[in-house]
Structure formats: structure tokens, C-alpha cells
Amino acid sequence: MLLYLFWYLLMAFLGMVNLLYDRIAKNRMVFFCIFVLLVLMIGCRATGYDYWNYIYIHKLVQSGKEVELVEPGFLFVCSVLPTYRLMFLGMAFLTVAFNLTFLYKKSPLFFFSLFLLCTTFLFPTFMGQMRQGVALGIMAWAICNIQNKKRFFLLLALAACFHISALLGLLVLFIPKKKRSLKYYLLGLVVAFLLGRLTPFVVDWVLGLLSTESLIWQKLFFYTETQDAILGINTAVLIRLVILFLCYWRMDKIEEPSFPFLVNIYHYSILLYMVLGFVPQMAARGSLYFSYYELLLVPFFILSFTRYNRLIVAGAFILLSVLRFVQFFMDDFNYSEYVPYLQYL
């Protein structure tokens, strides 16, 4: 637990320094050090949601046995890296490379974005469901290149090679790029909530159309058969709603041309979460590709204020991140999966 606290406090410190002195975000030596430390932290762990599953898959691949329900990109990594530790480090490198370079290139406050990442994606995704961690970074670059359709589809296909859920990224083609009326956002939320109550029947219909041998069918069947809870308006949705409407409120104060598009993508993360709410794991995983843009929206939102007010607003988001960090580890299951860091050695 001390390692997590150290990393979290380090990112919080760098995030605040970045807010006061933006030149630190462009210091390549600091970036390189953080890059290496993050790869080691993710790759040297002996903990996480799918830790044993990944080791088992690696052993199967190395022994030449067929592995089902696993995407080819991860199988390739397992095949070329002979030990499970090298496999973890290799996946950690890919995760950090795609995600950190994207934030470094696109975030106006790189280290503040990285701090936010620590309480949203680092533990459950990068150190847990690492295949999707790689897919998230690739998908971020795909959406960044949406104007170049060939490049977009190539990156989308690459992301799907690590996690099939990345195909949800196709939805971004239908997301408006300009600011819409408040009625548009509110109506979308109401419709999504209602559709969430109808989606189970639609999925049953889709399963009837797909081949039982297809990966998509098997994934949908697995998720629908193993979970029976239905998500409602929970804490995750409430936080996203607050951030969405705060960004909508300040949209006209932010000069970044892509900001309305990022807000609309984030809006879709809430819609998707609600529509797929009948399967919590699918809702959480599917909406990640769109909620990811919180890492950019919050820095742009903070910078829309004067220098003094920025510190107050940033402090509020730091408090929110602290609460997320505490909430994650207050869950008994999460705590048992991540503490201690080397619990399985």
C-alpha cells in the first residue's frame, strides 16, 4: 500500500507543480523517468484482477496449446516473450507508451492528467485488465486521427486485436463535433436510461443472429450469463454528470477547437454506461473508451479560470481524486486483489 501512496502523492505533487509551472510538462527527462517508473510499477506487480489468468494464458501459449476467447494481439505478445514476467513488462510498456504519449501530446496539463489517471484507470485497468489498457491508448490515438479515416480504422483494428470491446469506438463516427443545446444532452440521458431497461431483450435477439462460434457471441454470452445486477444512477454516473455539465457550462470560455467534440464523446460515455447497465462489467468496460477523455476535459476546464481560481478548482478535483482512491481501496475485493503489491510471490 505504501508504494501506491508514494506514487499517488508523487503524481499529485507533479500535477500541482504543472499547474503553476507548465514548463515541467515539456521536460523530457522528467517524462522519461515517469515513463520508466510507471512501466516498472505496472509490469513488476504480482497482483491485480486478472493476474493469475494472464499467467495461465501465457503458459498455454508457450506450450503451444490453443487459447479461446483471447484476442490475437495479446496472444502474440505471449508468444514472443518467453516468461510471464517479460510478458507483464511488455504489456506494461505498450500500455504506458500509447497512453502517456497521447496525454503528453494532447493534454494542456500533462502531469495533472496523469494524476487523474491514477484514480481512474491505473489500478482497475492498467494493473488489472491490461489488455484493455493497451486498447484504450490505441483507441485514443485512433479518435485523435478521426479525420484520416484510413488511419482511424487501422488503429481501431489494432485496438480490437487487444480487446474486442474497442469496436465500440465505431460509435465515435456518429458523435457530433460541435456544441449542442442543453436539451440535446438532457434528452440523450433520458433516452439512454430508458433504453437500459430494454437492452437485455435486444442482446438476446442479437445472440440469436450471431454464430455461437464467433468471439463477439461468446463474449456477450459470458457477460450476460455471469452477471445479473442492473446499474442505475450510481456514484460513477453522478461524477460523470457533474463533470459533463461543468464542461458544458464553461464551453464558450475554452478556446480549444476540439473541446466540444471531447465533451460530446464524454457524454456518450454516460449514455453507453446507462444503455449497457444491465451488465455492469460490459457497461464499465464499454464506456471506458469515452470516459477516458475526462483526462483532457478537466485540465481544459481548470485552465478556463484565472490563475487564483485555477488553484481552487484544481483543489476540488484533487479532493475528488482522493475520494476515488479511498473508495477503490475501501472495497474489500479491490483491497484483497491489490494489497500487498507482491502478495502472490
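All residue numbers refer to positions in the sequence shown, counting from 1.
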Tell me, with the steps shown, if Phe98 and Phe102 meet ring-ring contact (aromatic ring centres under 6.0 Å, His included). CA-CA 6 Å; Phe98 283 116; Phe102 175 77; over 10 Å; no

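Applying the side chain to side chain donor-acceptor pair (under 3.5 Å) test to Thr125 and every residue at least two apart in sequence or in another chain returns nothing. Under the ring-ring contact (aromatic ring centres under 6.0 Å, His included) criterion, Phe110 pairs with Phe31, Tyr104, sequence neighbours left out. In this structure, Phe153 has no ring-ring contact (aromatic ring centres under 6.0 Å, His included) partners at least two apart in sequence or on a different chain.
Ring geometry for Tyr51 versus Tyr84: interplanar angle over 60°, hence perpendicular rather than tilted (30 to 60°). Note on ring orientation: taking the six-membered ring where Trp is involved, the planes of Trp249 and Phe305 are tilted (angle from 30° to 60°). In this structure, Tyr268 and Phe290 have tilted ring planes: the angle between them lies in the 30° to 60° band. Classification of the Phe328-Tyr49 ring pair by plane angle, with boundaries at 30° and 60°, yields tilted.
Counting heavy atoms from C-beta on, the side chains of Cys247 and Ile243 come closer than 4.5 Å. Two residues are said to be in side-chain contact when any heavy atoms from C-beta on lie closer than 4.5 Å; Val339 and Tyr4 meet this criterion. At least one side-chain heavy atom of Leu241 sits less than 4.5 Å from a side-chain heavy atom of Leu189.
More than 12 heavy-atom neighbours from other residues, nucleotides or ligands sit within 6.0 angstrom of CD1 on Ile312.
Considering CD1 of Ile146 and CG of Leu173, their distance stands at 5.0 Å, rounded to 0.5 Å. Summarising the geometry, atom CD1 belonging to Ile164 is positioned 12.0 Å from atom CD belonging to Gln132; distances are rounded to the nearest 0.5 Å. In this structure, the separation between OG on Ser79 and NE2 on His58 is 8.5 Å, given to the nearest 0.5 Å. Atoms CG and CZ, on Leu103 and Phe112 in that order, are 13.0 Å from each other to the nearest 0.5 Å.
Under the side chain to side chain donor-acceptor pair (under 3.5 Å) criterion, the residue pairs touching residues 150-162 are Asn145-Arg151, with sequence neighbours excluded. Residues in residues 177-189 take part in these side chain to side chain donor-acceptor pair (under 3.5 Å) pairs, two or more places apart or across chains: Lys179-Asp252, Tyr185-Asn264. Sorted by first then second residue, the side chain to side chain donor-acceptor pair (under 3.5 Å) pairs that include residues 290-300, not counting sequence neighbours, are Asn99-Tyr292, Tyr266-Glu294, Glu294-Arg324.
Proximity of a side-chain donor or acceptor of Tyr248 to a complementary backbone N or O of Leu182 within less than 3.5 Å is detected.
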